[in-house]
Amino acid sequence: MAPRTVISFAIDLIGSTAFGLQLNAGLFRRYNKALAQQIWPYVKQFELESSTVKFTGDGWLLFHPDLEKAHAIVALAKTLSAKFQSDLANTLGMKPNEVPPLRFAVCTGDDEEVEFGTDSDKQKDWIGDSARRATRARLAR
């Protein structure tokens with residue numbers, strides 16, 4: 001497939017490594033599981049299920065090829081900004097201010113959709129510059 005303009009939404013937990021290292025083993029496992037599943041209900045709420053979503057261990061990358069979904073991605077970012085810490089804290093039995101905050105970036109770039117795997121377990125991904133731009137923008141302060 002030829003490259004096309006794609007929206008990339010980068011989400012990063014600020015200080016997540018240091019946070020995780022202070023947790024006991026049981027809470028750390030619960031934290032990792034809860035974290036991996038945290039945004040999917042919101043992805044569904046904003047009708048972004050057709051996005052490619054990757055959990056990176058301390059955040060997520062969301063790719064969407066429909067530029068008309070930019071408003072939904074911004075709404076997702078605003079909602080996560082307002083609710084992420086309290087939602088995760090409730091799941092873990094912590095105080096919201098004890099959960100690391102999020103940092104976001106939304107960028108576009110020319111990406112190409114690639115498929116890999118066999119017919120029975122085919123997966124899709126995006127390669128190009130949208131995630132690189134979003135990740136660099138996210139890290140800029």
Side-chain angles (χ1 to χ4, degrees), residues 1-24 26-141:
M1 299 184 127
R4 61 194 279 193
T5 303
V6 171
I7 301 169
S8 182
F9 177 35
I11 307 165
D12 179 49
L13 272 83
I14 300 170
S16 65
T17 301
F19 174 75
L21 290 173
Q22 73 177 353
L23 303 176
N24 67 47
L27 184 54
F28 185 64
R29 282 191 299 278
R30 287 184 34 233
Y31 164 70
N32 280 330
K33 287 179 183 179
L35 190 58
Q37 299 170 357
Q38 191 68 28
I39 70 164
W40 191 250
Y42 295 113
V43 168
K44 289 176 68 173
Q45 176 184 344
F46 293 105
E47 299 177 356
L48 293 166
E49 298 100 318
S50 62
S51 302
T52 299
V53 180
K54 295 189 217 182
F55 180 62
T56 63
D58 63 352
W60 301 265
L61 283 171
L62 180 146
F63 298 88
H64 206 291
D66 182 356
L67 298 181
E68 296 295 319
K69 289 291 189 173
H71 67 285
I73 291 171
V74 170
L76 171 62
K78 289 181 77 170
T79 300
L80 287 173
S81 178
K83 298 185 79 174
F84 175 81
Q85 287 175 286
S86 61
D87 285 353
L88 191 57
N90 286 337
T91 300
L92 298 174
M94 303 175 88
K95 295 176 183 171
N97 66 344
E98 294 175 331
V99 174
L102 297 176
R103 177 174 33 213
F104 307 106
V106 178
C107 291
T108 60
D110 293 325
D111 289 10
E112 187 171 349
E113 187 176 45
V114 295
E115 293 181 348
F116 53 95
T118 63
D119 287 338
S120 63
D121 68 352
K122 192 167 289 194
Q123 296 183 34
K124 294 182 180 184
D125 202 350
W126 292 93
I127 57 172
D129 60 357
S130 69
R132 188 172 21 262
R133 287 179 179 179
T135 301
R136 287 184 181 144
R138 178 190 71 210
L139 297 176
R141 294 182 188 219

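All residue numbers refer to positions in the sequence shown, counting from 1.
Across every non-hydrogen atom of Asp87 and Gln38, the tightest pair is CB-NE2, 3.1 Å. Across all non-hydrogen atoms, the minimal contact from Met94 to Phe19 is CE-CZ, 3.6 Å. Between Leu23 and Leu27 the shortest heavy-atom distance is CD2-CD2, 3.6 Å. The shortest heavy-atom contact between Lys69 and Ile7 is C-CD1, 4.3 Å. When all heavy atoms of His64 and Ser51 are compared, the closest pair comes out as CD2-OG, 2.8 Å.
The CG atom of Leu21 sits 9.5 Å away from the OG atom of Ser16 when rounded to the nearest 0.5 Å. Rounded to the nearest 0.5 angstrom, Lys95 NZ and Gln85 CD are separated by 14.0 Å. To the nearest 0.5 Å, atoms CD (Gln45) and CD1 (Ile39) are separated by 12.5 Å. The distance from the CH2 atom of Trp126 to the CG atom of Leu61 is 14.0 Å, given to the nearest 0.5 Å. Between the CG atom of Leu62 and the CG atom of Leu76 there is a distance of 7.0 Å, given to the nearest 0.5 Å. Going from atom CG of Leu88 over to atom CG of Leu80 covers 11.5 Å, rounded to the nearest 0.5 Å.
Within 6.0 Å of atom CD in Glu115, more than 12 heavy atoms from other residues, nucleotides or ligands are found, so the atom counts as buried in its surroundings. Around NZ of Lys44, the count of heavy atoms belonging to other residues, nucleotides or ligands within 6.0 Å does not exceed 12. Atom CD of Gln22 has more than 12 neighbouring heavy atoms from other residues, nucleotides or ligands inside a 6.0 Å radius.
With a 4.5 Å cut-off on side-chain heavy atoms, Pro65 and Arg4 count as touching.
With Lys54 contributing its side chain and Phe63 its backbone, the two residues share no donor-acceptor pair below 3.5 Å. Checked by atom type and distance alone, the side chain of Thr79 pairs as donor or acceptor with a backbone atom of Ala75 at under 3.5 Å.
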List the steps, then state whether side-chain contact (heavy atoms from CB on, under 4.5 Å) holds for Val99 with Tyr31.
CA-CA 10 Å; Val99 174; Tyr31 164 70; 5.7 Å; no

Could you go through the side-chain contact (heavy atoms from CB on, under 4.5 Å) check for Gln123 and Asp121 one step at a time?
CA-CA 6 Å; Gln123 296 183 34; Asp121 68 352; 5.6 Å; no

For side-chain contact (heavy atoms from CB on, under 4.5 Å), just list the numbers for Thr108 and Val6, CA-CA rounded to whole Å, side-chain angles, deciding distance to a tenth of an Å, and then say yes or no.
CA-CA 5 Å; Thr108 60; Val6 171; over 6 Å; no

Assess the residue pair Leu102 and Phe104 against the criterion (side-chain contact (heavy atoms from CB on, under 4.5 Å)); give the C-alpha distance rounded to whole Å, side-chain angles, the decisive distance to 0.1 Å, and a yes or no.
CA-CA 7 Å; Leu102 297 176; Phe104 307 106; 3.7 Å; yes

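Aromatic ring orientation, Trp60 versus Phe55: tilted (interplanar angle from 30° to 60°).
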